[in-house]
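Just so we're on the same page: letters track the sequence lines, and every chain starts at 1. All heavy atoms count here, side chains included; hydrogens, waters and symmetry mates do not.
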Protein chains: 4
Amino acid sequence: MSSTSAAAPGRPRSERARLAILDAAADLLAEGGLACATIEAIAGRAGVSKVTIYRWWPSRGAVAVDAFFHRHEATIQFDDTGDIADDLVGQVEALIAAFRGGPGRIMAELIGAAQSDPSMGQAVRDRWVIPRRTATKAVIKRAVERGQLRADVDPDVVLDQIYGAVYFRVMIGHQALRKGLARELVSNLLDGVRA
Amino acid sequence: MSSTSAAAPGRPRSERARLAILDAAADLLAEGGLACATIEAIAGRAGVSKVTIYRWWPSRGAVAVDAFFHRHEATIQFDDTGDIADDLVGQVEALIAAFRGGPGRIMAELIGAAQSDPSMGQAVRDRWVIPRRTATKAVIKRAVERGQLRADVDPDVVLDQIYGAVYFRVMIGHQALRKGLARELVSNLLDGVRA
Amino acid sequence: MSSTSAAAPGRPRSERARLAILDAAADLLAEGGLACATIEAIAGRAGVSKVTIYRWWPSRGAVAVDAFFHRHEATIQFDDTGDIADDLVGQVEALIAAFRGGPGRIMAELIGAAQSDPSMGQAVRDRWVIPRRTATKAVIKRAVERGQLRADVDPDVVLDQIYGAVYFRVMIGHQALRKGLARELVSNLLDGVRA
Amino acid sequence: MSSTSAAAPGRPRSERARLAILDAAADLLAEGGLACATIEAIAGRAGVSKVTIYRWWPSRGAVAVDAFFHRHEATIQFDDTGDIADDLVGQVEALIAAFRGGPGRIMAELIGAAQSDPSMGQAVRDRWVIPRRTATKAVIKRAVERGQLRADVDPDVVLDQIYGAVYFRVMIGHQALRKGLARELVSNLLDGVRA
DNA sequence: AAGTAATCGAGACGGTACGTCCGGTCTTCCT
DNA sequence: AGGAAGACCGGACGTACCGTCTCGATTACTT
């Protein structure tokens, strides 16, 4: 007697259309960035009417975010080897590797567009940032329990000082994501930069 | 025979129009964000024709960046007291204070839009990020010379791990710019978070 | 074993739905004219699905015509007093009275829409124009038999020269349906306008 | 110092676009009737943007009327031979001839659509009906002056009883515009149908 | 003083995309 | 088999801005 067992009246949502929309949007995103992923282009390529898109997504940004994560979602993984530094470095290097390719550019455009579209911000947070931070934060907390990190440090701030720096470089473009950056970020923060 | 002494033929550029455009754009930006600062709205409010805007700026984003910085530029100041930690904290606190108000939201929108408009990225770097970084980097280098910071540390990375964290919070919105954040950012990095 | 006695298999047509549709359509017609009587609005107000409407009517215009006549059909009446002139004047006055109110506007819209929708034209002819003409034509023929009208005159043309003039004024709007018009139309045609 | 000598500021209206729009609309009207003359189709065929149409016409109906009359306007002519009957018959026959072809169908659609679009009604009256009636009314008045018609007859009613009958047949479609109709209409009204 | 050249205002223009409406068709389950 | 619900595709709507264009008018420097 769960609420899901009660079949909704009327024609059910077309899974075919849903996937066609996400695929079309992801393709357009990959080909020409967010600017090419217009509602009309998505609808045209997916063989779907615009109304069908508007029925299920509030804005084109929301479709784009959904499409992007639908295609790139299976990649949270974290090896907790017990060495907090190595673990963090590995994680950051994976992020940097992803950001060097096309998806990095798209990700930056999505976060960029989210500045003017709250529904995109919500989607980015819920579907990308928060899941990753939650996983990493758990590792940090275990390191605290093991006595590797100070207990009075706010794990959120730690994450921001490592990952924020990467996103900052991507979005401002003042410095490249050069080789060795991941290790520098981690060791600077763990050991401090004071002489 | 300097290039500036040779008066160009024809009617000279109207300074009145230039200022009216920048003022109108800054007002619109403050009122409704980047979305409201359309070329047509700027032209209409400034009492200027669209062509006059296009003659001097490449895109509406470029006008917006110019207008924003024209209004908020007089604020780089850096007291080099000799205590690197206090100096950095003061600087970061000033940035956070600015980001808490309306200008923070606009700044985020400008950086956001820059993800799809290279000319805006250029403008943001040249007129905002780089001047501030240059000033701060000089302070860091003096601290290195004074032996307060390690010489093998990349100052750019140091800056990213402090300032990048602030921008990250503003643009993702996953955490607030809470009280005490500035000092935590600086002390974490200077002293390290290892137990 | 006539065709009507053989009950059709399956669920019989819902009379409730039929009346709800006609009522809803007539209401919408009265409230906002033909433009408001969309299939969706009719279905919504009648608490009926669109398919149910499409199953029984070919187009929204056909529903509208049907609904209009369903509400206004009980009004053919003709007193054959023996004086052809008075009888015609009475009839025309009744038509003009009807056309002065809301139904006149709707009637005009229906005939108007019929210009682009043959099924509406058919409905207007079959359910409105022809029944009335048939009744009036019979009166004319009796007048011919009584020797009041010339036998070589085409009754259809006579009707068009009286009723057509009224419809013309309604649809073009160049002249009002003023008082006294009915008698003028009849006497002009009966007695001629030649000096 | 006439008002027209003062050149308006800004780019002047493009005569090329105006004619392209009218031509495209008239072509579409001739090919597929009013239903085909959508704003998008007109704009597409004319090589013009939709906005340019909306800037100068209030509705697609208004464009259609304008286009129709732009193409068929040069045809008011009236021979006043002194014999009012023959003159009227000739005139009505010309109208019937026109209504038998494609333009008749289009005209009917335009009048039909005007029932739901006041701006079209206005245009039909101003550009088609009233000019023709004015010309014909003058002939009738001269016939009154010559003593051929009764002076107490309303010329507007006379016109309606002849022309209205023709429009009525076209719009209702209950009877054809058969041969000889013009003369019957005129002689019926001039001489009366009473025995 | 006339000529040249660039600017400015106004606003029309072609174009792209928007978000919405409605028409007809379909799919599902219920009666 | 009919019916209610409602998702679906298609086509057109009217609007917003974009970036370009044509005007006439203005404002300097150059002959």
Side-chain angles (χ1 to χ4, degrees), chain A residues 6-18 35 38-44 46-56 58-60, chain B residues 6-14 16-18 20 35 37-44 46-56 58-60, chain C residues 7-14 16-18 35 37-44 46-56 58-60, chain D residues 6-18 35 38-44 46-56 58-60:
Chain A
R11 180 175 174 173
R13 175 173 183 183
S14 160
E15 188 66 6
R16 203 206 106 268
R18 197 188 124 254
T38 67
I39 294 277
E40 306 224 320
I42 296 169
V48 143
S49 87
K50 285 197 291 180
V51 178
T52 301
I53 301 180
Y54 283 116
R55 199 189 310 278
W56 303 108
S59 69
R60 110 191 147 117
Chain B
R11 179 174 174 174
R13 174 172 183 182
S14 159
R16 207 206 103 268
R18 196 187 126 256
T38 67
I39 292 278
E40 307 222 322
I42 296 169
V48 145
S49 88
K50 287 200 289 177
V51 180
T52 302
I53 299 179
Y54 283 117
R55 199 188 311 278
W56 304 108
S59 70
R60 110 186 147 124
Chain C
R11 178 173 172 177
R13 174 172 183 185
S14 158
R16 207 207 101 268
R18 196 187 127 255
T38 66
I39 292 277
E40 309 220 319
I42 295 169
V48 143
S49 86
K50 286 200 289 176
V51 179
T52 303
I53 300 180
Y54 283 117
R55 199 189 309 277
W56 304 107
S59 70
R60 110 182 144 127
Chain D
R11 180 174 173 173
R13 175 172 182 183
S14 161
E15 187 65 7
R16 204 205 106 268
R18 198 189 123 252
T38 66
I39 293 278
E40 304 224 320
I42 295 169
V48 143
S49 88
K50 285 199 289 180
V51 178
T52 301
I53 300 180
Y54 283 116
R55 199 191 309 279
W56 302 108
S59 70
R60 111 191 147 119

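The nearest whole Å value for the distance from the CD atom in D:Glu15 to the P atom in F:dC23 is 13 Å. The interatomic distance linking B:Arg13 (CZ) with E:dA6 (C1') rounds to 13 Å, in whole Å. The distance between atom CD1 of B:Ile42 and atom P of F:dA16, rounded to the nearest whole Å, is 17 Å. Atom pair A:Ile53:CD1 and F:dG10:C1' shows a separation of 14 Å (rounding to whole Å applied). We find that CZ of A:Arg16 is positioned 12 Å from C1' of F:dA7, with the value rounded to whole Å.
Remark: A:Arg13 qualifies as a cation-pi partner of A:Trp56 under the 6.0 Å distance and 45° angle criteria applied to the six-membered ring.
Five base pairs at each end of the helix from E:dA1-F:dT31 to E:dT31-F:dA1 define two local axes, and these are offset by 10° (rounded to 10°).
Residue-to-nucleotide proximity on DNA chain E shows that, of D:Arg55 and B:Gly47, the 5′-proximal contact is made by B:Gly47.
Across all strands shown, B:Thr52 has heavy atoms under 4.0 Å from sugar-phosphate atoms exclusively, and none from any base.
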Can you give me the N/O atom pairs linking the protein to nucleotides 18-22 of chain E at distances under 3.5 Å, or say none if there are none?
| from | atom 1 | to | atom 2 | distance (Å) |
| --- | --- | --- | --- | --- |
| E:dC18 | OP1 | A:Ile39 | N | 3.1 |
| E:dC18 | OP2 | A:Ile39 | N | 3.1 |
| E:dC18 | OP2 | A:Glu40 | N | 3.0 |
| E:dG19 | OP2 | A:Tyr54 | OH | 2.5 |
| E:dG19 | O5' | A:Tyr54 | OH | 3.4 |
| E:dG19 | N7 | A:Lys50 | NZ | 3.0 |
| E:dG19 | O6 | A:Lys50 | NZ | 2.8 |

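Considering all non-hydrogen atoms of both residues, B:Ser14 and B:Ala17 come closest at OG-N, 2.9 Å. Nearest heavy-atom pair across D:Arg16 and D:Gly47 is NH2-O, 4.2 Å.
Under the side chain to side chain contact (heavy atoms under 4.5 Å, CB included) criterion, D:Ala46 pairs with D:Ala20, D:Ile21, D:Ala24, D:Val48, not counting sequence neighbours. With sequence neighbours excluded, the residues that form a side chain to side chain contact (heavy atoms under 4.5 Å, CB included) with C:Pro58 are C:Ala62, C:Ser119. Among residues two or more places apart in sequence or in another chain, the salt bridge (charged side-chain N to carboxylate O under 4.0 Å, His left out) test is passed with D:Arg60 by none. For B:Ser49, the side chain to side chain donor-acceptor pair (under 3.5 Å) test picks out B:Thr52, with sequence neighbours left out.
OP1 or OP2 of F:dC8 has at least one side-chain nitrogen or oxygen of A:Trp56 nearer than 4.0 Å.
In this model, a side-chain donor or acceptor of B:Arg11 finds a partner on the base of F:dT26 within 3.5 Å.
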